[in-house]
2 protein chains.
Amino acid sequence: MAARDLQERIKKLIIDRRLASGAPLPTEPELMEHLGASRNSVREALKALQAMGIVEIRHGFGTYVGPMSLAPMIEGLAFRTVAGHYRGEDSLLQLLELREAVETGLVSRLAGRMPEADLLELDALVDRMDEQAARGAGLAETDRAFHATLYRGLDNVLLCEVLEAFWDAFHRVRTDLGGEPQDPKVTCRQHREILDAVRSGDSMRAEEAIREHFGNIRARLSTTPPQDPHARHNERV
Amino acid sequence: MAARDLQERIKKLIIDRRLASGAPLPTEPELMEHLGASRNSVREALKALQAMGIVEIRHGFGTYVGPMSLAPMIEGLAFRTVAGHYRGEDSLLQLLELREAVETGLVSRLAGRMPEADLLELDALVDRMDEQAARGAGLAETDRAFHATLYRGLDNVLLCEVLEAFWDAFHRVRTDLGGEPQDPKVTCRQHREILDAVRSGDSMRAEEAIREHFGNIRARLSTTPPQDPHARHNERV
DNA sequence: AGAGTCAGCTGCTCTAACCAACTGAGCTAG
DNA sequence: CTAGCTCAGTTGGTTAGAGCAGCTGACTCT
């Protein structure tokens with residue numbers, strides 16, 4: 001009964017003191033006294049809050065208000081997807097479809113409304129993709145940056161974070177599961193098409209470009225049947 | 001160093017044994033032996049996993065694989081929003097805009113493609129809203145059901161869960177913050193307009209209807225300045 | 001046969017001690 | 001005098017052992 005309360009009380013403490021991300025929290029002994037609980041209980045509450053990204057604990061240094069990022073959501077989504085995958089569900093496909101549904105809806109909203117600066121940045125990213133594809137390097141990070149920059153035009157930080165979280169979860173699960181990598185050249189071409197469509201202001205074409213991009217990923221996905229987790233080493237779940 | 005590992009190893013255990021939601025996990029003593037850690041460390045790991053919704057702990061009964069719902073995400077989003085609000089940010093507005101952006105994008109996709117059964121269900125929900133509005137009752141739950149049923153037509157369970165999570169987070173924060181309630185009659189009319197638009201298959205009109213609905217909520221929001229959290233009792237953060 | 005009780009599991013909380021990472025003051029060598 | 005080291009003190013990390021609290025199921029008494 002006390003445990004759930006402790007978490008709430010620590011959260012309330014953060015709210016009441018208007019603590020911002022990175023602000024120091026009381027030390028464990030101080031919290032023990034303030035909350036009237038044993039060290040053990042305080043630590044369990046902090047661990048739970050840490051898992052939710054509300055608190056950040058640094059060994060030998062102190063406890064701080066966390067970055068409030070969506071990292072825990074990524075963690076949860078990724079685990080849920082991996083677990084479902086190994087139990088024979090098409091959870092990874094669902095995650096991809098989630099991204100597709102949301103992104104196709106959003107991209108039409110920003111066709112023709114992107115600031116020129118962002119368009120130039122996207123140009124540079126696609127160029128880098130080209131260069132990486134030519135060298136045979138992976139372009140995961142560039143792909144992530146492309147999608148992140150694209151939706152920055154919607155001017156909603158939270159929205160961008162959510163989309164990045166979806167990207168992260170999907171990417172992490174796919175690499176964990178040893179999915180077949182994309183053909184870099186095709187991926188490149190598709191990103192350029194998305195960018196061109198958005199620049200031209202043609203919503204329909206932008207939607208179609210996004211849909212084709214995801215269709216490509218989806219095709220690669222369906223060729224990767226569930227594997228035995230024991231066969232893989234050093235797995236991150 | 002062991003703590004992070006413990007969580008990973010317990011997750012791996014779930015994956016490796018193909019445990020589904022609700023399946024029983026080893027007891028604490030068993031986990032202690034299996035993982036070679038003390039009771040305390042095992043418990044801290046379990047607490048963290050519980051916070052992520054991966055594990056469910058029932059006092060005097062046992063530990064089970066969690067429902068893998070997005071409840072932790074709601075928790076995190078809600079806290080992040082409340083904390084931001086009290087620190088003067090327009091975090092609640094951002095959350096609303098996130099919902100608006102995603103839902104406007106999605107509603108156009110299902111205009112004219114909804115199964116008749118879902119449309120009838122939505123009819124019933126709007127009727128119930130009317131009835132509740134007439135009695136002066138709150139229609140939060142019905143509103144939630146309306147949005148949930150609406151996007152069920154997209155045939156992606158994960159997507160629906162995400163949207164419901166956004167709804168829950170927003171609703172919870174707004175009630176915690178004591179926001180001004182909507183005018184039930186207006187809300188009702190707007191939901192009926194959304195439904196009509198979707199039924200008619202007119203994507204543009206559906207988008208516009210959703211936008212107007214959110215615009216209404218937004219208007220109510222901006223009249224509610226941040227309050228002092230100490231002034232409110234029994235606050236759920 | 002049915003209701004109450006108790007023994008046994010389970011997780012929950014506390015105390016007390018020690019380990020490990022980091023900081024900063026003070027000391028030593030150059 | 002300064003650069004670097006060392007060490008004491010702080011913080012979180014881990015372990016151990018004891019007792020509390022909720023739940024189940026079998027056993028007993030009516």
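Chain letters run A, B, ... following the sequence lines, proteins first and then strands; every chain starts at 1.
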Practice problem: Would you mind listing every salt bridge (charged side-chain N to carboxylate O under 4.0 Å, His left out) that reaches into residues 157-166 of chain B, with sequence neighbours excluded? | Solution: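 Applying salt bridge (charged side-chain N to carboxylate O under 4.0 Å, His left out) to every pair that reaches into residues 157-166 of chain B, excluding sequence neighbours, yields A/Arg80-B/Glu161, B/Arg144-B/Glu164.
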
Practice problem: Quick one: which residue pairs count as a salt bridge (charged side-chain N to carboxylate O under 4.0 Å, His left out) with a foot in residues 30-40 of chain A, not counting sequence neighbours? | Solution: A/Glu28-A/Arg39

Exercise. Please determine if B/Arg99 forms a cation-pi arrangement with B/Phe214, meaning its NZ or CZ atom is less than 6.0 Å from the six-membered ring centre and no more than 45° off the ring axis.
Key: no

Self-check item: For DNA chain D, the residues among residues 51-58 of chain B that have a non-hydrogen atom under 4.0 Å from it
Solution: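 Of all residues in residues 51-58 of chain B, none places a heavy atom under 4.0 Å from DNA chain D.
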
[X] [atom1] to [N] [atom2]: how many Å, rounded?
X	N	atom1	atom2	answer
B/Glu28	D/dG19	CD	P	18 Å
A/Glu30	D/dT11	CD	P	7 Å
B/His59	D/dG22	NE2	C1'	5 Å
B/Asp5	D/dT14	CG	C1'	14 Å
B/Leu25	C/dT10	CG	P	13 Å
A/Arg4	C/dG11	CZ	C1'	15 Å
A/Arg43	C/dA20	CZ	C1'	12 Å
A/Glu33	D/dT11	CD	P	13 Å

Quiz item: Think B/Thr63 has a side-chain N or O under 4.0 angstrom from the OP1 or OP2 of C/dG11?
Solution: yes

Quiz item: Taking only N and O in the side chain of B/Thr27, is any of them less than 4.0 Å away from OP1 or OP2 of C/dC9?
Solution: no

Quiz item: Side-chain contact, heavy-atom cut-off 4.5 Å: A/Phe79 with B/Ile14?
Solution: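 Side chain of A/Phe79 against side chain of B/Ile14, heavy atoms only: contact under 4.5 Å found.
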
Quiz item: Pick one: which of B/Ile74, B/Val173, B/Leu163 meets side chain to side chain contact (heavy atoms under 4.5 Å, CB included) with B/Asp168?
Solution: B/Ile74

Please confirm whether the backbone N or O of [Y] pairs with a side-chain atom of [X], one donor and one acceptor, at under 3.5 Å?
X	Y	answer
A/Arg9	A/Leu35	yes
B/Asn156	A/Gln94	yes
A/Thr81	A/Leu77	yes

Self-check item: Residues forming a side-chain hydrogen bond (donor to acceptor under 3.5 Å, both in side chains) with B/Gln50, sequence neighbours excluded
Solution: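 For B/Gln50 there are no side-chain hydrogen bond (donor to acceptor under 3.5 Å, both in side chains) partners, ignoring immediate neighbours.
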
Quiz item: Among C/dT13, D/dT14, C/dG11, which is the nearest nucleotide to the side chain of B/Ala3?
Solution: D/dT14

Quiz prompt | Salt-bridge criterion met for A/Lys12 and A/Asp16 (N-O under 4.0 Å) | solution =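 So A/Lys12 pairs with A/Asp16 through a salt bridge.
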
Practice problem: Let me see the working for B/Thr63 and B/Glu56 under side-chain hydrogen bond (donor to acceptor under 3.5 Å, both in side chains), right down to the final yes or no. | Solution: CA-CA 6 Å; B/Thr63 306; B/Glu56 194 180 339; over 6 Å; no

Practice problem: Would you please indicate yes or no on a ring centroid separation below 6.0 angstrom for A/His171 and A/His147? | Solution: no

Is there any protein nitrogen or oxygen under 3.5 Å from a nitrogen or oxygen in nucleotides 15-17 of chain D, and what are the pairs?
from	atom 1	to	atom 2	distance (Å)
D/dT15	OP2	B/Ser38	N	3.2
D/dT15	OP2	B/Ser38	OG	3.1
D/dT15	OP2	B/Ser41	OG	2.6
D/dT15	O4	B/Asn40	ND2	3.3

Quiz item: How does protein contact run along nucleotides 4-9 of chain D, one letter per nucleotide 5' to 3', with B for base contact, S for sugar-phosphate only, - for none, heavy atoms under 4.0 Å?
Solution: ------

Practice problem: Hey, which sits more toward the 5' end of DNA chain D by its nearest nucleotide, B/Gly60 or A/Phe61? | Solution: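 Looking at the nearest nucleotide for each, A/Phe61 comes out on the 5' side.
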
